[in-house]
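All chains are named by letter (A, B, ...) in the order of the sequence lines, taking the proteins before the strands, and each is independently numbered beginning at 1. The structure presented is a predicted model; accordingly, all values stated were derived computationally and were not measured.
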There are 2 protein chains.
Amino acid sequence: MARTTGSHADITRPRIRAAALSLFARHGYAAVSMRQIARAVGVQAGALYNYTPDKQSLLFSLLKGHMDDLLAAFEAERFLGPPEQRLEAFTRFHIRFHLERAEAVFISYMELRNLTEENFTVIEELRRRYEAALEAILREGRQAGRFTVPDTKIAALAIIAMLTGVNTWYRSGGRLSQGEVEAIYWDMVRKSVS
Amino acid sequence: MARTTGSHADITRPRIRAAALSLFARHGYAAVSMRQIARAVGVQAGALYNYTPDKQSLLFSLLKGHMDDLLAAFEAERFLGPPEQRLEAFTRFHIRFHLERAEAVFISYMELRNLTEENFTVIEELRRRYEAALEAILREGRQAGRFTVPDTKIAALAIIAMLTGVNTWYRSGGRLSQGEVEAIYWDMVRKSVS
DNA sequence: GCTTGATTTGAACGGGCGTTCAGATACCCT
DNA sequence: AGGGTATCTGAACGCCCGTTCAAATCAAGC
């Protein structure tokens with residue numbers, strides 16, 4: 001009989017994913033070899049191929065997983081109430097979610113060009129869906145006369161770029177707590193669409 | 001006597017830099033080989049080493065050149081007048097300058113991690129100087145009672161992240177002209193610090 | 001405790017990497 | 001016309017790459 005419980009795969013697979021995520025974030029996909037990932041896991045390079053058909057699929061799986069997590073977490077939040085409240089919830093959610101997974105966020109932006117065209121299309125569509133969710137909030141706020149936004153599509157992209165920028169400088173234990181950072185950014189976001 | 005005018009170096013050097021810039025932007029520093037760069041220039045790989053001691057120096061030179069250009073162009077603008085006017089000038093300058101050199105901007109963000117520690121420090125310091133220039137505008141505007149900014153340091157980073165985000169979606173010939181984009185972003189920046 | 005299949009090893013494959021350098025080439029100068 | 005040097009070629013160096021696969025190892029169920 002096959003071993004179904006407690007098999008090494010249950011342990012090795014996440015360790016490979018974690019090692020690949022960390023190494024890709026630190027050195028870049030192209031600069032990291034399968035042997036380096038294997039070494040980080042404590043295994044020979046050949047063993048990785050029990051878990052991924054190739055290096056490209058490993059990258060794609062990490063990015064796809066990250067985007068799926070993002071959309072799932074977003075939808076689980078169920079933003080309710082008036083537009084201002086929903087925009088604030090989005091702002092705080094975005095900062096919190098992205099700070100919690102800095103490495104995944106990093107490679108999701110940096111390694112897009114290392115995806116095959118087919119894989120890139122998939123990730124881009126998921127990202128587009130997330131952007132559309134923010135744009136919907138802005139559009140409804142504008143229709144309700146609560147927001148003044150010349151172009152909701154661009155405003156959505158601008159806000160996301162601004163918020164994601166937190167990841168480039170925030171370090172926990174620094175001058176500001178995460179809550180303070182959220183408050184500062186919410187202040188700017190709120191005013192920028194008022 | 002040495003050939004001093006019309007030497008091939010005057011032609012080859014910029015072609016190497018242009019090819020490297022373009023290839024690094026498209027595929028990433030680590031994924032591009034010296035042989036690929038040479039092929040794009042129409043030369044053998046060995047010839048590149050008449051112009052750069054090694055691949056790392058070539059990358060650093062491109063990034064350093066970009067940052068020097070940025071600071072030189074910024075200082076040449078001589079932002080004058082009241083804080084609002086200077087902030088608007090900064091906003092439009094940033095968008096214009098960055099859209100004009102999308103490839104250099106791209107690698108200046110993406111390839112920082114492929115710099116040696118020493119080279120990274122140099123680029124980081126130049127970037128810090130640019131950020132400080134924006135922060136100075138915000139700080140003076142706040143002191144003059146024209147801006148409401150809870151944290152000028154973070155506001156500067158947030159604004160720069162928002163503005164640089166234009167590069168990820170803007171394509172000339174698209175729905176909006178560059179002037180329209182500048183106007184939309186200036187509207188958001190202005191309000192965000194009001 | 002043996003069988004069986006999941007998991008891993010370790011070696012090999014062809015190929016590309018960054019860099020070096022002796023020799024060939026091309027062009028300016030006298 | 002010929003000398004001299006800036007520039008380039010082409011081959012070579014040792015090394016690492018992604019991937020494959022037969023054989024070894026391991027652990028669960030009988």
Query raised in the report: If you take atom types as modelled and just measure distance, does the side chain of A/R13 reach the base of C/dT7 with a donor-acceptor pair under 3.5 Å?
Result: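 Flag unset: no donor-acceptor pair detected.
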Report task. Tell whether A/R35 reaches the base of D/dG18 with its side chain through a donor-acceptor pair below 3.5 angstrom. Result ->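 Side chain to base: pair found, below 3.5 Å.
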Report task. Look at the side-chain heavy atoms of Ile, Leu, Val, Met, Phe, Trp and Tyr, link any pair under 4.5 Å apart, and say whether B/I123 and B/L70 land in one connected group. Result ->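 Linked, B/I123 and B/L70 end up in one cluster.
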**Report entry** Co-membership, hydrophobic cluster, residues A/Y49 and A/Y51, 4.5 Å side-chain
**Finding:**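 Linked, A/Y49 and A/Y51 end up in one cluster.
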Query raised in the report: Is the centre of the B/F24 ring less than 6.0 Å from the centre of the B/F106 ring?
Result: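 No.
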Query raised in the report: Hey, would you say the B/F90 and B/Y130 ring centroids sit under 6.0 Å apart?
Result: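 Yes; B/Y130 has its ring centre under 6.0 Å from that of B/F90.
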Query raised in the report: If you measure only the distance, is there a donor-acceptor pair under 3.5 Å linking the side chains of A/N167 and A/T164?
Result: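 No - no donor-acceptor pair under 3.5 Å links their side chains.
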Rounded to the nearest angstrom, tell me the gap between atom [atom1] in [X] and atom [atom2] in [N].
X: B/N114; N: C/dG18; atom1: CG; atom2: C1'; result: 15 Å
X: A/Y49; N: C/dA11; atom1: OH; atom2: P; result: 18 Å
X: B/R39; N: C/dG18; atom1: CZ; atom2: C1'; result: 14 Å
X: A/I11; N: C/dT8; atom1: CD1; atom2: C1'; result: 14 Å

Checking contacts here: which listed nucleotide ([options]) is nearest the side-chain heavy atoms of [X]?
X: A/Q36; options: C/dT19, D/dC17, D/dT9; result: D/dC17
X: A/T12; options: D/dT19, D/dT9, C/dT8; result: C/dT8
X: A/S33; options: D/dT9, D/dC17, C/dT8; result: D/dC17
X: A/N50; options: D/dC8, C/dT19, C/dT7; result: C/dT7
X: B/A45; options: D/dT7, C/dT19, D/dG18; result: C/dT19
X: B/V43; options: D/dT19, D/dT9, C/dT9; result: D/dT9

Requested in this report: Check the pair A/L87 / A/R190 against side-chain contact (heavy atoms from CB on, under 4.5 Å), numbers first and verdict last.
Outcome: CA-CA 8 Å; A/L87 185 57; A/R190 178 180 54 77; 5.9 Å; no
Are side-chain heavy atoms of [X] and [Y] found at a separation under 4.5 Å?
X: A/T116; Y: A/F60; answer: no
X: B/I159; Y: B/V193; answer: yes
X: B/E88; Y: B/E84; answer: no

Heteroatom pairs (N/O) under 3.5 angstrom, protein to nucleotides 21-25 of chain D:
none

Query raised in the report: Got a sec? Which of residues 52-63 of chain A come in under 4.0 Å of DNA chain D, heavy atoms?
Result: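 Contacting residues: A/D54, A/K55.
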Query - D/dC8 OP1/OP2 closer than 4.0 Å to side-chain N/O of B/Y51 - result: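 B/Y51 to D/dC8 OP1/OP2: side-chain N or O found under 4.0 Å.
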Requested in this report: Taking B/E103 for its side chain and B/A25 for its backbone only, find out whether a donor-acceptor pair lies under 3.5 Å.
Outcome: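 No, the answer is negative, given that no donor and acceptor are paired below the 3.5 Å cut-off.
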Query raised in the report: Base, sugar-phosphate, or nothing for B/V41, non-hydrogen atoms under 4.0 angstrom?
Result: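 It contacts nothing in the nucleic acid.
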Requested in this report: Between B/Q44 and A/A30, just flag the one whose closest nucleotide in DNA chain D comes earlier from the 5' side.
Outcome: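 Here B/Q44 is the residue nearer the 5' end.
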